[in-house]
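A short worksheet on the structure shown next.
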Amino acid sequence: MTRSAHTPHGARLRAYWETTGAAHTFTHPLDAELLARHVPAGAAILDYGCGYGRLTAELTALGYADVRGVDRSAALVARGRADHPGLRLTHFERLPLSFASDSFDAALLFAVLTCVPEDRAQAETVAELARLLRPGGVLYLSDVPLQDDPHHRRSYRERRPEGGAYGTFEIEDGGVFRHQDPARLRESLERGGFEVAEEREDAVPTLDGRTVVRLQLIARRTAD
C-alpha cells in the first residue's frame, strides 16, 4: 500500500509502513468478474500500492500477463519479492513514477486511499494515475467509505488524530486510516480526469477481523 510522506503525519506514517504496518495481512478482495468485464487479458496493468504483491500475484494467476506492482514501502516490496519471486514489484520514493505517460491500460487502487489520510496526498495519487493511464484506460478503485455502525462512529470520534478529517482514525498499533465520503471519492476522480462508469458495494473483511461495506468504482480516463 503506497503512502505519502509529504504531509504533516507523513514521516510517522512512512515509518509505520516500513515496520509494524509491513507485517499486516491484507484482506481487501479483488472482484475478478468486475475486472474482467472492463479489462481484457492483454492489458498492461499497474497495481498501485501493491504492498507485498498479493493482488499482483492474483492478477497474474487470472491470466493477466503484463502486470507491474509499485509501492512506497521498501519493506512491503521486499516481502513481496520474497513471497513471489517472479513478480515485477518496484519500490519508489516519490512521485512521479519512472514510467512514461500513457504507459498503462488499467490500474488498481485497492484500499490505498484509506491509508493516505490527507487530501493533498490523495489528489496527487489520482493525478499520477491519470498521467500513467492511456485515454480510455480503466482505474479500478476499491476503498472503504464512511461506515455508520456504532464501532466506527466511535472510532471517528475518539480515535481521530489532531487535524484529521472526519472518518480518520488511529488503530492501536499506530496506523492511521481514513474512511471516505463516497461523494468525495467520486468528485476526486472526476477532478483528476476520470469518469465513473460503474460502481458496486459489498461487505469485506478488515485487518482487525471486522466487516465493512466497501465501495468499488470503475472509472475511465477521459481524453485530454
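Quick note: residue numbers are just sequence positions, from 1.
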Backbone N or O of [Y] within a donor-acceptor pair of the [X] side chain at under 3.5 Å?
X      : Y      : answer
Thr211 : Ala203 : no
Asp173 : Gly175 : yes
Arg153 : Asp148 : yes
Arg214 : Asp143 : no
Arg72  : Glu93  : yes
Ser103 : Leu132 : no
Tyr52  : Ala75  : no
Glu128 : Leu97  : yes
Tyr64  : Val39  : yes
Thr114 : Ala111 : no

Drop me the distance from [X]'s [atom1] to [Y]'s [atom2], to the nearest 0.5 angstrom.
X      : Y      : atom1 : atom2 : value
Asp208 : Thr27  : CG    : OG1   : 8.5 Å
Ser142 : Asp202 : OG    : CG    : 7.0 Å
Asp47  : Leu89  : CG    : CG    : 8.5 Å
Leu141 : Glu199 : CG    : CD    : 11.0 Å
Glu195 : Thr222 : CD    : OG1   : 7.5 Å
Glu124 : Arg94  : CD    : CZ    : 12.5 Å

Flag the pair [X] / [Y] as yes when at least one side-chain heavy-atom distance between them is below 4.5 Å, and no otherwise.
X      : Y      : result
His91  : Ser73  : no
Ile218 : Val196 : no
Leu35  : Leu59  : yes
Tyr16  : Val176 : no
Phe177 : Thr206 : no

List the atom of [X], the atom of [Y], and the distance in Å for their closest heavy-atom pair.
X      : Y      : result
Val126 : Gly192 : CG1-CA, 4.0 Å
Pro135 : Ala223 : CB-CA, 4.2 Å
Cys50  : Asp71  : N-OD2, 3.4 Å
Ala22  : Trp17  : CB-O, 3.5 Å
Thr56  : Arg68  : CG2-C, 4.5 Å
Leu189 : Ala219 : CD1-CB, 4.1 Å

[X] and [Y] ion-paired at < 4.0 Å:
X      : Y      : result
Glu58  : Arg54  : no
Glu33  : Arg37  : yes
Arg221 : Asp105 : no
Arg178 : Asp119 : yes
Glu170 : Arg12  : yes
Arg200 : Glu198 : yes

Aromatic ring proximity Phe110/Tyr140, centre distance under 6.0 Å: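 That pair passes the under 6.0 Å test.
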Check against side-chain contact (heavy atoms from CB on, under 4.5 Å), Leu108 and Leu46: CA-CA 6 Å; Leu108 265 60; Leu46 178 68; over 6 Å; no
As a quick check of understanding, evaluate side-chain contact (heavy atoms from CB on, under 4.5 Å) for Leu215 and Gln180, giving each step before the final call. CA-CA 10 Å; Leu215 177 64; Gln180 316 288 326; over 6 Å; no
Single hit among Leu146, Leu113, Val213 for side chain to side chain contact (heavy atoms under 4.5 Å, CB included) with His179: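 Running side chain to side chain contact (heavy atoms under 4.5 Å, CB included) over Leu146, Leu113, Val213 with His179 returns exactly one hit, Leu146.
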Is it true that [X] and [Y] fall in one hydrophobic cluster, defined by side-chain heavy atoms closer than 4.5 Å?
X     : Y     : result
Val77 : Val67 : no
Leu87 : Leu76 : no
Leu55 : Leu34 : yes

Go through it in stages, so that I can follow the logic: the residues are His28 and Val144, the test is side-chain contact (heavy atoms from CB on, under 4.5 Å), and I'd like the CA-CA distance, side-chain angles, deciding distance and then a yes or no. CA-CA 9 Å; His28 208 84; Val144 182; 4.1 Å; yes
Does one side chain, of Arg184 or Gln122, offer a donor that lies under 3.5 Å from an acceptor on the other?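 Yes - a donor-acceptor pair under 3.5 Å links their side chains.
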Would you kindly check if the NZ (Lys) or CZ (Arg) of Arg159 is within the cone defined by 45 degrees around the ring axis of Phe169 and under 6.0 Å from the six-membered ring centre?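 Negative - Arg159 is either too far from the ring of Phe169 or too far off its axis.
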Candidates Tyr48, Phe92, Phe104 - the one meeting ring pair (Phe, Tyr, Trp, His ring centres under 6.0 Å) with Phe99: Phe104
